[in-house]
Amino acid sequence: MLDSKYIEENMDKVRGKLAERGAEIDFEEFWALDRGRKEIIKKVEKLERERNIGSKKVGELRREGKKEEAQELQEEMKRTSVQIKELGELRARAEEAFRNFLLTIPNISHDSVPVGGSDADNVEIRKWGEPKDFDFEPKDHVEIGKDLDILDLDRAAKITGARFALYKGLGARLERALINFMLDLHTNEHGYTEVLPPFMANTDSFIGTGNLPKFEEDLFKIEGTDFYLVPTAEVPVTNIHRDEILKEDELPIKYVAYTPCFRSEAGSYGKDVRGIIRQHQFNKVELVKFSNPDSSYEEHESLTENAARVLELLGLPYRVVLLCTGDMGFSSAKTYDLEVWVPSENTFREISSCSNFEDFQARRASIRYRPKDGSKVKLVHTLNGSGLAVGRTVIGILENFQEADGSVTVPEVLVPYMGGVTKISN
RNA sequence: GGAGGGCUGGCAGAACGGCGAUUGCACCGGUCUUGAAAACCGGCGUCCUUACGGACUUGGGGGUUCGAAUCCCUCGCCCUCCGCCA
């Protein structure tokens, strides 16, 4: 959520910035809602003042034994009270309409973000590693998984439906090994605190991160409750500190969390239907930071590096891409995507998305800190990034490290997590 | 699922339905000091207003009342006990 005062004072900039990302804001409506809200607030508060003074006076008159005067004033205040109640309802509606309007406006991009309409305008920042030159026809992960009997998509479809996976044997072990490896790396080497949050969260939490009210169709809701399955650990973890005032000394707070992620994938019918690239349920290790606003962009860079380190240790070729205005998520001010090399597609595919949300989520979720110098409490900046998406990491490993004989070499760093297994083969 | 107790400011903890929440601790600033501590003074939630001011805020929402932290209803959460259960 943007600061309404900021919008008022920087109308042209806001208009331009939002246009860059393909979002239009109806300023006529904004002004109308804002003006309406302020007018009604003024009226109500004037009446409330009268009532407060009047009521106090009633008490005084009674104590002085002036019963009749008290009675008279009481009658008058009763009428005032009725008016307040009526206007109060209008006020509530006006404020809600204003807030709802603000909740549907996306974040403003950082000045370093390139302007563009689609992923074609994203900017490659750097590349790491060399895609392997296979001297045989490489298979895709579906074939590899089937041939090694570690991935059974047909039976998963029987259990649930399309876009679900059943890992078996060393496939299941590989998934678990990756989760543990990533958690150990980020806690031991990068200073994150491990958390294991609920896999469902309530409406307030989803509003806090910006997933609601606008993107409900992307979520699975639990019938008969106020709970949704989390589409990313970002939701529960960012909301750990919702409605809190943190100490400046505590910042930055860094969490790493493993959760499964559940996404309805509405609107992606027919896209990535083969394999486990796009699933209704997948595992992810997520990095989340709560930062001092002054240093959030440094924290963004280091968070991205922390995620990239996973790929480097695994030996998977990747590139870093700076998303353009048109390709960024609703809540983000700046996003780097990490893309892993996928031999079967002869291209890079997103495996991590690292964003700085500045105070956009913090304002929605009311996450603030108390500056050391005693000045007014301020909103923190929130950041997060996948560290990494586990299913897609499995794709990377199976496809990049496949051998001519159909086996897959286990990256050295994972061997201890695989119980000493160095090669997955029949 | 049943019975009971609770929810107040960053924390602790008061407040017969009536001058719009007493106090302590923590934190920040100032005075004092060579420096620090102590002491003293001030500050330390949100909104409206150029300002002066004003309104709101005792878990959320609603009700009773001239007036609600206080009474009633409802939802949420925490604690204790019973039942069931991985």
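A note on names: the letters A, B, ... follow the listed sequences, proteins ahead of strands, and every chain is numbered from 1.
Distances shorter than 4.0 Å separate none of the side-chain N or O atoms of A:S55 from OP1 or OP2 on B:rU65. An OP1 or OP2 oxygen of B:rC48 is reached within less than 4.0 angstrom by a side-chain nitrogen or oxygen of A:K5. Contact annotation: A:R363 does not reach the phosphate of B:rU46 (side-chain N/O to OP1 or OP2, under 4.0 Å). Proximity of A:K38 to the phosphate of B:rU49: a side-chain N or O atom is located under 4.0 Å from OP1 or OP2. Between A:N52 and the phosphate of B:rG67, there is no side-chain N or O to OP1/OP2 separation shorter than 4.0 Å.
If you take CG of A:D243 and P of B:rU8, they are 14 Å apart, rounded to a whole angstrom. Taking atom NZ of A:K56 as the reference point, atom P of B:rC66 lies 20 Å away to the nearest angstrom. Look at CD on A:E75: it is 12 Å from P on B:rG67, rounded to the nearest Å. Between the CG atom of A:D204 and the P atom of B:rC75 there is a distance of 18 Å, rounded to whole Å. Rounded to an integer number of Å, the gap from A:R49 CZ to B:rG67 P is 18 Å. For the pair A:E95 CD and B:rU57 P, the interatomic distance rounds to 12 Å; values are reported in whole Å. In this structure, the CD atom of A:E68 is 18 Å from the P atom of B:rC66, given to the nearest Å. We find that CZ of A:R368 is positioned 7 Å from C1' of B:rG45, with the value rounded to whole Å.
Base-pair partner of B:rC81: B:rG2 (Watson-Crick or G-U wobble, both distances under 3.5 Å). If you check B:rC40 for Watson-Crick or wobble pairing at under 3.5 angstrom, you find it paired to B:rG30. Using N1 to N3 plus N6-O4 or O6-N4 for Watson-Crick, or N1-O2 and O6-N3 for G-U wobble, each under 3.5 Å, B:rU58 pairs with nothing. The partner of B:rG76 is B:rC7, judged by Watson-Crick or G-U wobble contacts that both fall below 3.5 Å. For B:rC16, there is no paired base (Watson-Crick or G-U wobble, both distances below 3.5 Å).
Side-chain polar atoms of A:S302 and A:K289 form a donor-acceptor pair below 3.5 angstrom.
Checked by distance alone, A:R62 brings a side-chain donor or acceptor within 3.5 Å of a matching partner on the base of B:rG18. Side-chain N/O atoms of A:K46 and base N/O atoms of B:rG54 include no donor-acceptor pair closer than 3.5 Å.
Ring-plane geometry between A:F199 and A:Y258 is classed as perpendicular, the angle between the planes exceeding 60 degrees on a 0 to 90 degree scale with a lower cut at 30.
Side-chain proximity of A:K78 to B:rU65, B:rG10, B:rU49: nearest is B:rU65. Distance from the side chain of A:K42 is smallest for B:rU49 among the nucleotides B:rU49, B:rC47, B:rG18. Between B:rC47, B:rC56, B:rU49, one nucleotide has an atom nearer to the side chain of A:I41 than all others, and that is B:rC47.
A distance below 6.0 Å separates the ring centres of A:F98 and A:F30. For A:F206 and A:Y228, the ring centers are positioned less than 6.0 Å apart. Centroid-to-centroid, the aromatic rings of A:H241 and A:Y255 come within less than 6.0 Å.
Counting any heavy atom pair closer than 4.0 Å across all strands shown, A:I245 reaches sugar-phosphate atoms only and no base atom. Within 4.0 Å (heavy atoms only), A:K85 reaches sugar-phosphate atoms of the nucleic acid but no base atom.
A:M1 pairs by the side-chain contact (heavy atoms from CB on, under 4.5 Å) definition with A:R99, A:L102, A:L103, A:R363, A:R364, not counting sequence neighbours.
Separating the P atom of B:rG60 from that of B:rA69 is a span of 11 Å, rounded to the nearest Å. Between B:rG9 and B:rU23, the two C1' atoms lie 13 Å apart (nearest whole Å). Distance noted for atom P between B:rG5 and B:rC73: 13 Å (whole Å). The gap from the C1' atom of B:rU80 to that of B:rG62 amounts to 30 Å, rounded to the nearest Å. With C1' as the reference atom, B:rU34 and B:rG43 are 28 Å apart, rounded to whole Å. Nucleotides B:rG20 and B:rG54 place their P atoms 13 Å apart, quoted to the nearest Å. To the nearest whole angstrom, the two P atoms, one in B:rU58 and one in B:rC71, are 14 Å apart. A gap of 33 Å separates the C1' atoms of B:rU64 and B:rU49, to the nearest Å.
Nucleotides of RNA chain B nearest to A:D34 and A:V44 differ in position, and the one nearer the 5' end is that of A:D34. Sequence order on RNA chain B of the closest nucleotides to A:E89 and A:V377 puts A:V377 first from the 5' end.
For the atom pair OH (A:Y318) and CD (A:E350), the distance works out to 15.5 Å, reported to the nearest 0.5 Å.
The local environment of NZ in A:K139 is crowded, with over 12 non-hydrogen atoms from other residues, nucleotides or ligands closer than 6.0 Å.
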